[in-house]
Amino acid sequence: QVQLVESGGGLVQAGGSLRLSCAASGRTFSTYAMGWFRQAPGKEREFVAAISWTGGTTYYADSVKGRFTISRENAKNTVYLEMNSLNPEDTAVYYCAHRRKSCSGVGCYDQGGRYDSWGQGTQVTVSS
């Protein structure tokens, strides 16, 4: 089974930055894509960003485009999310997700149901 561990969350003032990390481990596995989702109190889980593992193609939600950057270290099966210009609306629990199998279409990246494994989440709180 694949295990995902997020780190890097915390409390930051509006306009500040944070860098999240997610390391995948466990049984030998392949990786097709990894992504980030978030869930704020009282709201549904929403897509944030994703990256294909071979080509490095990135996908972003409109709400974070231009502010967040997703990147990867293939050899370590680790994905990062650099968050800049944070605002209180970014406050949420951020979850890392992993997909093993090949897939076709944008929905492979921005739909939570397309992922196989999930981390436990890391809290990001942005104060005003």
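Quantities reported herein were computed from a predicted structural model and do not represent experimental measurements.
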How long is the gap from [atom1] on [X] to [atom2] on [Y], to the nearest 0.5 Å?
| X | Y | atom1 | atom2 | result |
| --- | --- | --- | --- | --- |
| Ile51 | Tyr60 | CD1 | OH | 7.0 Å |
| Ser85 | Phe68 | OG | CZ | 9.0 Å |
| Tyr59 | Ser52 | OH | OG | 5.5 Å |
| Ser7 | Leu20 | OG | CG | 8.0 Å |
| Ser17 | Met83 | OG | CE | 8.5 Å |
| Phe47 | Ser63 | CZ | OG | 9.5 Å |

Q. So Leu86 and Leu18, side chain to side chain contact (heavy atoms under 4.5 Å, CB included) or not? Walk me through it.
A. CA-CA 8 Å; Leu86 286 163; Leu18 282 174; 4.2 Å; yes
- Query: Is there a side-chain contact between Gln13 and Val126 (heavy atoms, below 4.5 Å)?
  - Reply: no
Next on the checklist: Within the structure provided, determine whether Leu81 and Val48 are in side-chain contact (heavy-atom separation under 4.5 Å).
Outcome noted: yes
I'd like to know if the side chain of [X] and the backbone of [Y] have a donor-acceptor N/O pair within less than 3.5 Å.
| X | Y | answer |
| --- | --- | --- |
| Glu6 | Gln120 | yes |
| Arg114 | Cys103 | no |
| Arg99 | Met34 | no |
| Asn87 | Ala14 | no |
| Arg19 | Gly8 | no |

Which pair of heavy atoms, one from [X] and one from [Y], lies closest together, and at what distance?
| X | Y | value |
| --- | --- | --- |
| Cys108 | Tyr32 | CB-CE2, 4.4 Å |
| Val93 | Gly121 | CG1-CA, 3.8 Å |
| Leu4 | Ser117 | CD1-O, 3.4 Å |
| Ala40 | Thr91 | CB-O, 3.6 Å |
| Ala33 | Tyr109 | CB-CE2, 3.5 Å |

Can you tell whether the side chains of Asp90 and Arg38 come within less than 4.0 Å, N to carboxylate O? yes
Is the ring pair Phe37/Tyr115 parallel, tilted or perpendicular, if the boundaries are 30 and 60 degrees? perpendicular
query: Same hydrophobic cluster for Tyr95 and Val64, using side-chain heavy-atom links shorter than 4.5 Å among ILVMFWY?
result: no
Q) Looking only at side chains, do Glu73 and Tyr80 share a donor and an acceptor under 3.5 Å apart? A) yes
With a cut-off of under 6.0 Å to the ring centre and 45° to the axis, is Arg45 in cation-pi contact with Trp118? yes
| field | Trace of the side chain to side chain contact (heavy atoms under 4.5 Å, CB included) decision for Val79 with Ile70 | value | CA-CA 7 Å; Val79 66; Ile70 188 170; 3.6 Å; yes
